[in-house]
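Down below is the structure, laid out as structure tokens.
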Protein chains: 2
Amino acid sequence: MDNGKVGDKRHLRSIMTRQKLLGVAKEIFLEEGFQAAVISQMIKKANIGYGTAYVHFKGKEDLLIVLMENIMEQFYEIAETSFFPKSKGEAKHTINKQANAFLKMAEAERNMMQVFEQAIGISTVISDKWKAIRMKFIQRISKDVAYAQQNGLARAELNHELVAKGWFFTNEMYLWEIVRNDHQRSIEEIAQTITSVYFEGLYL
Amino acid sequence: MDNGKVGDKRHLRSIMTRQKLLGVAKEIFLEEGFQAAVISQMIKKANIGYGTAYVHFKGKEDLLIVLMENIMEQFYEIAETSFFPKSKGEAKHTINKQANAFLKMAEAERNMMQVFEQAIGISTVISDKWKAIRMKFIQRISKDVAYAQQNGLARAELNHELVAKGWFFTNEMYLWEIVRNDHQRSIEEIAQTITSVYFEGLYL
DNA sequence: TTAACTTATTGACATTGTGTCATATTCTTT
DNA sequence: AAAGAATATGACACAATGTCAATAAGTTAA
């Protein structure tokens with residue numbers, strides 16, 4: 001008597017249909033990109049009736065959002081680790097580590113992130129999802145900067161939110177560059193360089 | 001006997017048709033955004049035959065590119081002013097001024113820039129145009145950084161191209177934030193804050 | 001076991017938008 | 001004024017989307 005109703009055959013089939021479509025959608029998004037991906041193509045490849053797709057998902061956007069959930073989760077995890085450095089050295093080390101982790105995401109999930117980047121430009125819903133992630137990061141960094149300022153580690157005359165945004169923006173743009181595979185240098189070197197400028201510019 | 005053929009009536013009418021369409025296109029892009037703007041609507045409002053639009057422009061993209069030419073020109077101008085600072089003070093002042101000018105563009109042309117931002121996400125051609133502008137900026141900044149390093153004004157251990165990109169990225173993201181009218185602080189304060197962190201982080 | 005009910009699937013259809021092309025119009029040249 | 005050239009036109013073919021009434025498949029309960 002499974003509460004999730006998974007025992008019954010009907011519901012099971014429904015789930016399989018959904019999964020089949022999701023799987024094919026991922027393939028096609030990766031092949032074609034968000035823009036060019038076409039729902040009817042997915043439907044055909046998944047071997048389901050046309051209308052069926054719309055029973056399970058509202059449309060292309062909806063499909064991608066589900067496919068992105070995993071990746072977005074990971075971003076939230078990185079964003080959530082705030083830190084309270086006791087020394088300059090500790091701060092620098094942690095900042096560098098976080099920048100590195102952030103940029104590594106781009107590399108690890110490059111293909112889906114490429115699709116995601118396109119989709120951000122096109123779909124309001126998806127763009128909002130990314131904005132939420134961005135906000136999370138900025139808030140966390142902002143808090144970190146304020147903490148460092150209060151403890152005499154960082155230049156107090158700077159507005160911590162503006163600083164936080166500026167720092168995140170550099171990271172984000174490098175993220176997309178890595179996603180596009182446009183970067184010439186290793187992720188480590190990128191992380192180290194931007195961390196160095198940011199750190200020397202902000203910390204005392 | 002004007003070489004540009006502007007003397008003849010036929011060609012003149014053609015030009016007027018083109019202008020009429022461009023004018024209407026601008027209106028509609030501003031009202032609807034790039035995504036939602038619809039060519040047939042423009043054609044209707046411009047009171048021209050459907051096919052006529054396609055005689056003058058290849059499509060929506062093409063129309064927007066022409067409308068953006070003026071703005072893109074201005075960006076190139078900002079990007080082109082390289083500088084060779086003799087002192088730390090001069091460098092800081094110039095950097096701040098340039099950041100300011102860049103961000104002011106966002107404000108001055110906010111409406112068309114909003115359309116542009118959307119279009120970058122959607123159209124490859126337009127995205128490429130923006131990439132070219134970005135590259136121009138990065139090259140110029142890169143050169144400036146290298147110069148400052150060679151003259152003992154800036155930390156020489158940093159890769160100048162990575163630094164230049166990071167700095168431009170911060171500027172660019174703030175540009176879009178201002179375009180979206182999402183910024184809380186004045187442009188001057190933003191420019192000053194990011195310049196300060198960048199400057200103290202890079203210069204000796 | 002079967003009739004009534006619930007859930008899932010289906011594809012034809014209406015809708016919206018695009019770009020093309022043969023044809024018509026307007027102007028220029030000879 | 002006839003031939004020729006440049007412009008303009010809208011009907012048409014195409015591509016993709018999302019909806020919905022009809023159907024199929026599975027479950028329940030007498």
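Source: prediction; values computed, not measured. Naming convention: chains lettered A, B, ... in sequence-line order (proteins, then strands); numbering from 1 in each chain.
- Across residues 23-44 of chain B, V38(B), I39(B), S40(B) each have a non-hydrogen atom less than 4.0 Å from an atom of DNA chain C (numbered order).
- Pairing each heavy atom of R110(B) with each of V179(B), the nearest pair is CG-O, 3.3 Å.
- The number of heavy-atom neighbours closer than 6.0 Å to CD of Q192(B), taken from other residues, nucleotides and ligands shown, is 12 or below.
- Taking all atoms of both residues into account, the shortest heavy-atom contact from D144(B) to S82(B) is OD1-OG, 2.8 Å.
- By the neighbour-count criterion of 12 heavy atoms within 6.0 Å, atom NZ of K26(A) is sparsely surrounded, having that number or fewer from other residues, nucleotides or ligands.
- Between Y50(B) and R10(B), the residue anchored closer to the 5' end of DNA chain C is Y50(B), taking for each the nucleotide with the nearest heavy atom.
- Of the residues near DNA chain D, G49(B) and R13(A), the one whose nearest nucleotide (by heavy atom distance) lies more toward the 5' end is G49(B).
- Following rounding to the nearest Å, I48(A) (CD1) and dT23(D) (P) show an atom-to-atom distance of 21 Å.
- Taking the six-membered ring for Trp and thresholds of 30 and 60 degrees, Y198(A) and W167(A) have nearly parallel ring planes, at less than 30 degrees apart.
- Taking the ring centre of F34(B) as origin, the terminal cationic atom of K60(B) falls inside the region bounded by 6.0 Å and 45° from the ring axis.
- Counting non-hydrogen atoms of neighbouring residues, nucleotides and ligands closer than 6.0 angstrom, the NZ atom of K20(B) exceeds 12 such neighbours.
- Closest approach of I190(A) and L162(B) over heavy atoms only: CG1-CD2, 3.8 Å.
- At least one side-chain nitrogen or oxygen of T17(A) sits closer than 4.0 Å to the OP1 or OP2 atom of dT9(C).
- Aromatic ring centres of F102(B) and F168(B): separated by under 6.0 Å.
- Separating the CG atom of L12(A) from the C1' atom of dT27(D) is a distance of 14 Å, rounded to the nearest angstrom.
- Atom-to-atom, CE of M16(B) to P of dC27(C) comes out at 12 Å; the value is rounded to the nearest Å.
- Look at Y54(B) and you won't find any side-chain N or O under 4.0 angstrom from OP1 or OP2 of dT20(C).
- Remark: nothing in residues 116-125 of chain B comes within less than 4.0 Å of DNA chain D through any heavy atom.
- One finds a side-chain N or O of H56(A) lying less than 4.0 angstrom from the OP1 or OP2 phosphate oxygen of dT9(C).
- In this structure, L21(A) atom CG and dT10(C) atom P are separated by 11 Å, rounded to whole Å.
- Nearest nucleotide to the S14(A) side chain, out of dT9(C), dT28(C), dT9(D): dT9(C).
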